[in-house]
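First comes the structure, then the notes that go with it.
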Amino acid sequence: MRMLETSATFLRGHFSRRIFTIPTTTLNRLINDHLRDNGLVEARRLFNQNPTLLDKSTWNMMITAYVQRGLMLEAHEVFDQMPVRDVVSWNTMFLGLKKTRDPERVIRFFLEMRRSGLNPDELTIPAIIDAVSGSGFKVLIMQIHTLAIRLGLSLSAYTGSSLLRGYTSLRNLRGLERVFEDILLKDVVSWNVLITGYMKLGFVEDGERAFSEMPERNIITWHTMLIGFINNTKIDKARELFNQMGQKNVFSWTVMINGYVQSRELKVALMLFQEMVESGNYRPSHYTFSTVLKACAASSSLLMGKQVHSMITKRGMACDVVLSTSLIDMYAKAGDITAASGVFKFMPMKNPASWNSMIGGLARHGLGVNALEEFKKMIESGYKPDQVTFINLLSACAHTGLVEEGEKQFMLMGRFGIAAEKEHYACMVDLLGRAGQLDKAERLIKGMPFEPDVVIWGALLGACGLHSCLELGEVAAEGISRLRREHPAAYDVLCRVRGDKGDWTSVMELRKLMKKTKAKKQDASSWIETLT
DNA sequence: CTAGGGTTAG
C-alpha cells in the first residue's frame, strides 16, 4: 500500500510537469492495484489522465468497479468513452442493467450491441434471457434461443440453465426438456434448474425422476425438491425428504417451517422451529424469524411471539424493517395492540408496509379513529399509501361505523394514483351494508368495473342478514352459488371481519356456504400450552 | 477483465 502511494505521487508529479514517458503497463497495473484495493476514486483519477494509454481490460475493470457498486451512471460514462468495446464490456453492462429491472432498456442495449457487429457469448445470453423472462417481452425467449443455437451457445451449461429458466417462465415443458438435452456437459446446476422447471410447471413426478437420475446432488438440489413439493401441496413428501437430508442448514429448516405455514399447519411449524432452536446447531436468519412470526400471527400465539421478539432483540436484529413489520403484525393479530404500537413507535426507519401493518392492526381492534389518525401521520411524513393502505383504512371505517369518512377515503384513492380494486369495493359494500344502506351497496356492486366475487356477495349477504332484507339477500346468495368454487382465503377474510364484531349470524351463514362449496378453513385454537 | 441454481414483511 505504501509502495502504491509512492508510485501514485510519482506519477502525478510527472504528469503535472507534462512528461509522458510512463510505460503503459505501469499505468494499467497501477489502476488495477487501486481497484483491487478499493481505491476507486484514485483509480479514476489516474484513468482520466490519459485514457488513450489504457488496455481494454483496464477499461473493463473500471466498468466492473462501478457496476459492482451499483453506480450505473458512472459505468455508462466509462463505457461510452471506451474507444473499442468488446464482449466483456457489454456483458458487464448487462450485469449492471439487470438490477434496474428494465427489460426494454436491456433489449435496446442488446440490439445496439448486435448493430456494432459483436456476437453474444455464453454470458450475454443469460443476461438477456433473465431480463425478459417474467416481463411482457418473454416472447423473445424463443428467438434468443434460436440465435444461441446458431452460435453454438446452447451447448453451454451456463447458457443452457438460463434457457431452462426462460422456458419455465413460458410454461413450455417440451422446450424445457429440449434445452436440457442440448446441454453438452450437464452439471449440478443444470439438473437443479431442470427440477425447478418441472416443479413450477406442476410435473412433480418428472422432478422426482430427475432427482433420482442425476449423477450428483448438492444441498441446493434438496432445497429445490423441498420447495417443489411444498408449492405443489405435498408437504408430507417434503417432510419425508427433509428427514432424509444428511446435511441440513438454516435454509433447510426455514424452507420446511415456511412450508408448514403455507399449508396452514401452524402448530407443526412452530414445533419445528422449537426443535431447530433447541438443537443448538443453527442460527435462525431473518427469513426464519419472519416465517415464524407469521405462524405466531396466524395462530394468535402471543407467548411464542414474545419469545421470538426477545430472540430478535438479543441478536441485534430489532432494527430490521422487515422483522419489525412482522412483529407489529404478529402483536396486532395475537391481540396485543399496545405492544404492536410500541414496536412501531420505536422503529428508526419505517416504510409503507410498516404503516400498513399498524393501520391494519388498529382496524382489526376496532380502533378506527386511531387508524385514521395514523393514516394522516403517514401522509404527513411523506409516505405514499398503496392499495393495502386503503383496504386497511376502509375496513377500519367499516368496523367503527364511520360511513361518511369511509366514503370520503374511497373517493380520495384516485388522487394518490390508486385504482379501486375488488377488495376496496368489498370493504365499501361491507361499510354501507352494515350501516343499513343496502340499496347504495347494491348500486355500488352494479357500477363496479368487474364481476363481483364471493367476498363482495358475501359482504352483501351478511348485511342483508343483519338487516333482515331477504329479497336482496337472495340475490347475493344466488350470486355466490353461480360462482361455485372460489378461493378459500376469500371466506377467511370475511369471516374474520365478521367474527371480530361478534356478528355471528353472518359467520354462520358463511360457514354453511363454505361447507357447501368445500372451502377449508382451519379451526381457530390456542395451543400455547402445548408448546411451552 | 464479465459468470448460472434454492426462502422473508401488509
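The structure displayed is predicted, hence computed values, not measured ones. Heavy atoms only: backbone and side chains are in, while hydrogens, waters and symmetry mates are out. Naming convention: chains lettered A, B, ... in sequence-line order (proteins, then strands); numbering from 1 in each chain.
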Check: Which of the following nucleotides, B:dG4, B:dG6, B:dT8, is nearest to the side chain of A:N258?
Finding: B:dT8
Note to self: According to side chain to side chain donor-acceptor pair (under 3.5 Å), who are the partners of A:K98, at least two apart in sequence or on a separate chain?
What the structure shows: none
Notebook entry, point to check: Rounded to the nearest Å, what distance is computed from the CH2 atom of residue A:W355 to the P atom of nucleotide B:dA9?
Noted result: 21 Å
Notebook entry, point to check: Nearest to the side chain of A:F251, which nucleotide is it out of B:dT7, B:dC1, B:dG4?
Noted result: B:dT7
Next item on the list: Using side chain to side chain contact (heavy atoms under 4.5 Å, CB included) as the criterion, point out the one residue from A:L293, A:L272, A:T291, A:L270 that pairs with A:V261.
Entry: A:T291
Note to self: Under 6.0 Å between ring centres: does that hold for A:F79 and A:F109?
What the structure shows: yes
Notebook entry, point to check: Any sub-3.5 Å donor-acceptor pair from A:D55's side-chain atoms to A:S57's backbone N or O?
Noted result: no
Checklist line | Given A:F289, A:Y282, A:Y260, the one that forms ring pair (Phe, Tyr, Trp, His ring centres under 6.0 Å) with A:W253 | finding: A:Y282
Note to self: For a quick check of understanding: with a heavy-atom distance under 4.0 Å over all strands, which category does A:N351 fall into, base, sugar-phosphate or nothing?
What the structure shows: base
Check: Considering only heavy atoms and no angle criterion, is a donor-acceptor pair shorter than 3.5 Å present between the side chain of A:D130 and the base of B:dG4?
Finding: no
Next item on the list: Output the residues of residues 202-217 of chain A in contact with DNA chain B, where contact means a heavy atom of the residue under 4.0 Å from an atom of the strand; sort by number or write none.
Entry: none
Margin query: Are A:F410 and A:H424 an aromatic pair, judged by ring center distance below 6.0 Å?
Written below: no
Checklist line | Atom pair distance, as rounded to whole Å: CD1 in A:I195 and P in B:dG4 | finding: 20 Å
Notebook entry, point to check: Are the ring of A:Y287 and the six-membered base ring of B:dT7 within the stacking cut-offs of under 5.5 Å and under 30°?
Noted result: yes
Next item on the list: Select base, sugar-phosphate, or nothing to describe what A:S161 touches, counting heavy atoms under 4.0 Å on all strands.
Entry: base
Notebook entry, point to check: Considering only side-chain heavy atoms of A:T325, which listed nucleotide, B:dA9, B:dC1, B:dT7, is closest?
Noted result: B:dA9
Notebook entry, point to check: Under the salt bridge (Lys or Arg N to Asp or Glu O under 4.0 Å) rule, what pairs show up with a residue in residues 123-135 of chain A, not counting sequence neighbours?
Noted result: A:D130-A:R165
Check: With respect to the side chain of A:S326, which nucleotide from B:dA9, B:dG6, B:dC1 is positioned closest?
Finding: B:dA9
Check: Which listed nucleotide (B:dT8, B:dG4, B:dG6) is nearest to the side chain of A:N249?
Finding: B:dG6
Notebook entry, point to check: Between A:E373 and A:K376, does at least one N-O distance fall below 4.0 Å, as a salt bridge requires?
Noted result: no
Next item on the list: Using a 4.0 Å heavy-atom cut-off across all strands, classify A:D386 as base, sugar-phosphate, or nothing.
Entry: base
Item checked: Interatomic distance where CE belongs to A:M93 and P belongs to B:dC1 [whole Å] -> 20 Å
Next item on the list: Provide, to the nearest angstrom, the distance between the CG atom belonging to A:N91 and the C1' atom belonging to B:dG4.
Entry: 13 Å
Notebook entry, point to check: Taking CE from A:M317 and C1' from B:dT8, how many angstroms apart are they, rounded to a whole number?
Noted result: 11 Å
Checklist line | Per A:S57 side chain, nearest of listed nucleotides B:dC1, B:dT2, B:dG6 | finding: B:dC1
Margin query: Of the options B:dT2, B:dT7, B:dA9, whose atoms approach the side-chain atoms of A:K294 most closely?
Written below: B:dA9
Item checked: A:Y158 ring over B:dA3 six-membered base ring, under 5.5 Å and 30° -> no
Check: Heavy atoms under 4.0 Å, any strand shown: does A:L95 hit a base, just sugar-phosphate, or nothing?
Finding: sugar-phosphate
Note to self: Students often get this wrong, so: under 4.0 angstrom with heavy atoms, is A:A157 touching a base, only sugar-phosphate, or nothing?
What the structure shows: base
Note to self: Once you apply a heavy-atom cut-off of 4.0 Å, does A:L123 come out as touching a base, just sugar-phosphate, or nothing?
What the structure shows: base
Margin query: Under 4.0 Å, counting only non-hydrogen atoms across every strand here, what does A:V388 touch: a base, just sugar-phosphate, or nothing?
Written below: base
Next item on the list: Calculate the interatomic distance between A:R283 atom CZ and B:dT8 atom P; express it in whole Å.
Entry: 21 Å
Note to self: Counting the atoms with a prime plus P, OP1 and OP2 as sugar-phosphate, which does A:V87 contact under 4.0 Å by heavy atoms, base, sugar-phosphate, or nothing?
What the structure shows: nothing
Next item on the list: Answer with base, sugar-phosphate or nothing: what part of the nucleic acid does A:N32 contact at a heavy-atom distance below 4.0 Å?
Entry: nothing
Notebook entry, point to check: Counting any heavy atom closer than 4.0 Å, what does A:T254 reach on the DNA or RNA strands: base, sugar-phosphate only, or nothing?
Noted result: base
Check: Starting at CZ of A:R85 and ending at P of B:dT2, how long is that distance when rounded to a whole Å?
Finding: 19 Å
Item checked: Protein-nucleotide distance (A:F289, atom CZ; B:dT7, atom P), rounded to Å -> 21 Å
Notebook entry, point to check: Between A:E213 and A:R209, is there a side-chain N and carboxylate O pair less than 4.0 Å apart?
Noted result: yes
Notebook entry, point to check: Which listed nucleotide (B:dA9, B:dG4, B:dC1) is nearest to the side chain of A:A353?
Noted result: B:dA9
